[in-house]
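Letters A, B, ... mirror the listed sequences (proteins, then strands); counts begin at 1.
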Amino acid sequence: MRIKLLTTLAGLLLAASAWAGPQIQHWTTAHGTQVLFVEDHNLPMLDVAVSFAAGSAHDPAGKAGLAAMVHGLLDHGVEGLAEDEISRKLADIGAQLGGGADADRASVSLRTLSVEREQALVLMARIVQQPTFPEAVLAREKTRVTAALKEAETKPDFTASKAFGRAVYGSHPYGLQADVDSVAGINREDVVAFYRAHYVAAGAVVALMGDVNRAQAEAIAEQLTGQLPASGAEVAIPPVDPLAVASEQRIAHPAKQSHILIGAPGMARNDPDYFALYVGNYVLGGGGFVSRLMEQVREQRGLAYDVHSYFMPMQQAGAFQIGLQTKREQADEALALVRKVLAEFVAQGPTEQELKAAKQNIVGGFPLRVDSNRKILDYLSVIGFYHLPLTYLDDFTGKVERVTTAQVRDAFRRKVDPARMVTVVVGVDAGAAK
Amino acid sequence: MRAFQNSANGRYFMRNDGMKRGILTAMLLLCAPWAGAEVFEQTLPNGLKVVVKEDHRAPVVVQQVWYRAGSMDEKTGTTGVAHVLEHMMFKGTKAVPVGEFSRRIAAAGGRENAFTSYDYTAYFQQLHKSKLPLAMKLESDRMHNLNLTDAEFGKEIKVVMEERRMRTEDDPRALLQEKMSAVTWQEHPYQHPIIGWMSDLEAMKGADARDWYRRWYVPNNATLVVAGDVKASEVFALAKKYYGGIPKCMLPPRRQYTELEQVGVKRLVVKAPAELPFLMMAYHAPAVRNAAQDWKPYALEVLAGILDGNESARLNQSLVREQQLASEVGAGYDSIARGPSLFVLEGTPSEGKTVAELEAALRAQVDKLIADGVSAEELQRVKAQVMADEVYKLDSMFYQAMQIGQLESSGLSHRDIPVMMAHLRAVTAEQVVAVAKEFLKDDNLTVAVLDPQPLSGKPKAAAPAGGFHAH
């Protein structure tokens, strides 16, 4: 027994010390762009992403959808190359262009083989710095976006998210939502002006992960952002006001299931309660099959296939949201149950046992968060964009370990008021809509 | 961005004949010297095949157990039972009470789930490498000790019905695909949805699931795939320890289904609440049976790439960008399946255009390819993407394990991967044209159209003349 115990301990120590998290290198270019880089030569490939404060929260009045349109058009024409030439050239070398846009940021990413790196980066540099926004392409894309919006508006989940966003954020920029009219109003001048104001070197973040050395990474960061204007528009996003009152909307839809969303403004990326809320939410509805919501709604009563809760941390307070879908006849039963689970959790917080289980999963599962180049690249972008400490990943498990039940209960009580929530139910009879 | 959302909280099912945006998804990697991508294999005396892929980039491991039992093995009247059993596998054994499996994996820092397809059912856990014995202990226990009670079944079948409502009944395109399959396949069990018909779910009993479990959940019908920061020899020893004692069982004979020859185009219309119509054209096509001798499946993979492998590939370039006839188009084909496959073209017409115009335009693209052939440049472009994907896939341990499991469950072997890659590289322009000509013809075709209905249930007001803008 004694020998066995020692072996086990040694095994644990090895597991903990043999592998450190990614070693992040960080610097700022002459134009004020932050660069975060992890050197790794295990695979003959490179992942790069450039992020800008160019998300939908920066859409001008009446032009919701502009930020997404600008982001979508970047690779549809650059100085000297038409859209089909860009996509052909990328495909010819097996390079993958990606990216995303949300309320805070817009990003362009590239995955390339090491052997094709130079060509791929030349294309990416032009996409980021020299887009031409051809008039004809804009017209076509407006038509496509409009069609997609009209289609989405017939879907219960989209309808629910839209109503939820509006109710949670009100007139705050996080509540801006594109519609057919706002997209129709977008013209090329708007696109060019938005691009010039928001795709600028100051505040941009370049993340690099993979098969290059420091000198190469420095040159790549310069290549991708050196031609951008130094600075642009004011990008501060105002704080999100807490909800003044609870609200409930019931929206008619012929779907067999009702789509239910409950929530309120939650927390920002730099919120001091971040870890308490994160760990607490694991217990409430974030922890896969073992959360309270999953246990009560799905496992015990079979009321839903999917039920979850999350905080969406943003520059300012993103939403806290609980979501589920259930047969429309039992929507009220499910809603009452979810409210009860939430109210109990906020009132009492997690038990010591639950908190321990949450920590075991989050801490024990930490290596899975950084087990691929893709995942590490995403962390680099987030750490840079939200000005998180460079030791964020190193500190992560320690911060989780230090959360107490009292902190969770206290943070939830301050941030989540069950009596002041937005509720949206889509998928009720026309007569029951309100 | 949704760092706090845990969206992977559903046991789910997969369609393996649907559209695949990234082509050649089934053709992966391997024999990449820089990754030390060695694969090791051993079969235990009880018939369990163990395949290990060493990958030492991070101290994590994934365990997957693949049972060669999917919805295609079901009988009329109990469709969906393969997937229902997948849900029931989390409901406890004599030693591990209900809910405990997930709790123990979670406490070990693990992530877990399962999925069911037409061809197989698979279970997986991702954890720190030191937790592999725990995962094996739990997974091997439920391979032969499941305690499937009527009480738990009664609760879980409701969850599955909710899943069906969410994934199929309230999703017009999924509904279209389900109804299309029921028309495309006349004899083959691919005609039934993986999740099962609602009336079968309503009629299903705990005994149906228990029967399914007894019949198929045996070591000689399973493949254990482990990928990660492990030594193959140690994995084999662990596998022997945890799975080796499970008795081998006689498997029921499997019926080899064929599909009757189609004798003319089939058409169907599905009405559902939506704004835009949607068109699917599915052609019968073969899957890989003999990786070394076949050539047509590889040519079909390349054909899908030439039509839809990138933004400037033929369909998007011509129909979306130039003619502006469609707001989206796609082509898909999956060469890996236990049964026959389909080659699918699909799309949404632009506002003011009809599905008939889109169908004609898609047919014109096929005709043009057959008449004019494909260029060396197009061929090379598709192959460049395939080769690059081989490297990119090494960034995902899970995906590498997935590929091995799919092949092993489809009557092929992980050893076929390099063979298939070599065949793909060797596909010629003539072969691409030949398979287009042989398979993309009316006698192989089912055309399915989604006819959008207003949400109110009331008919739409007629569009005013000139109200649509053409391009």
Discussion item. With no hydrogens and no angle check, just 3.5 Å: does a side-chain donor-acceptor pair link R167(B) and Y305(A)?
Written reply: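 Looking only at side-chain atoms, Y305(A) and R167(B) do form a donor-acceptor pair, the distance falling under 3.5 Å.
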Worksheet item: Which atom pair, heavy atoms only, marks the closest approach of A147(A) to L276(B)?
Response: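 It is O-CD1, 3.5 Å.
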Worksheet item: How close do V180(A) and T146(A) get, heavy atom to heavy atom, and via which atoms?
Response: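 Here V180(A) and T146(A) meet closest at CG1-CG2, 3.8 Å.
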Mind ranking [options] by heavy-atom pairs under 4.5 Å with chain A and telling me who comes out on top?
| options | value |
| --- | --- |
| A388(B), S396(B), P273(B), A108(B) | A388(B) |
| R111(B), M161(B), Q317(B), R321(B) | R321(B) |
| K158(B), R103(B), M387(B), M166(B) | M166(B) |

Practice prompt. Flag the pair E299(A) and K155(B) as a salt bridge only when some basic side-chain nitrogen lies within less than 4.0 angstrom of an acidic carboxylate oxygen.
Written response: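 Between K155(B) and E299(A) there is no salt bridge, as every charged N stays at least 4.0 Å from the carboxylate O atoms.
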Worksheet item: Should D170(B) and R165(B) count as an ion pair when the cut-off is N to O under 4.0 Å?
Response: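 No, D170(B) and R165(B) are not salt-bridged.
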Of the backbone (N, CA, C, O) and the side chain (C-beta and beyond), which part of [X] lies under 4.5 Å from a heavy atom of chain B, both, or neither?
| X | result |
| --- | --- |
| I86(A) | neither |
| E141(A) | neither |
| A430(A) | neither |
| V363(A) | neither |
| K375(A) | side chain |
| E83(A) | both |

Fill in: Proximal component of Q126(B), with respect to chain A [non-hydrogen, under 4.5 Å]
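Q126(B) touches chain A through backbone and side-chain heavy atoms alike.
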Item to complete: Identify which part of V98(B) has an atom lying under 4.5 Å from any heavy atom of chain A, answering side chain, backbone, both or neither.
Response: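 Contact with chain A is absent: no heavy atom of V98(B) under 4.5 Å.
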Between [options], the one whose heavy-atom pairs under 4.5 Å with chain B are most numerous:
| options | answer |
| --- | --- |
| G365(A), S372(A), G323(A), G100(A) | S372(A) |
| R140(A), R144(A), Q325(A) | R140(A) |
| A255(A), G318(A), G427(A) | A255(A) |
| M45(A), K359(A), R111(A) | R111(A) |
| H253(A), Q257(A), E85(A), H76(A) | Q257(A) |

Worksheet item: Between R88(A) and E311(B), does a salt bridge (Lys or Arg N to Asp or Glu O under 4.0 Å) hold up when you go through it step by step?
Response: CA-CA 8 Å; R88(A) 268 200 292 273; E311(B) 294 279 290; over 6 Å; no
Practice prompt. Return the set of residues passing ring pair (Phe, Tyr, Trp, His ring centres under 6.0 Å) with Y123(B) (not counting sequence neighbours), or none when no residue passes.
Written response: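 So Y123(B) forms a ring pair (Phe, Tyr, Trp, His ring centres under 6.0 Å) with Y67(B).
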Discussion item. Which residues pass the salt bridge (Lys or Arg N to Asp or Glu O under 4.0 Å) test with K327(A), not counting sequence neighbours?
Written reply: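 If we apply the salt bridge (Lys or Arg N to Asp or Glu O under 4.0 Å) test to K327(A), skipping adjacent residues, there are no hits.
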Worksheet item: Do the side chain of Y392(B) and the main chain of G94(A) share a donor and acceptor less than 3.5 angstrom apart?
Response: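 Present.
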Worksheet entry | Over 12 non-hydrogen atoms of neighbours within 6.0 angstrom of NZ in K142(A) |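 Yes, enclosed.
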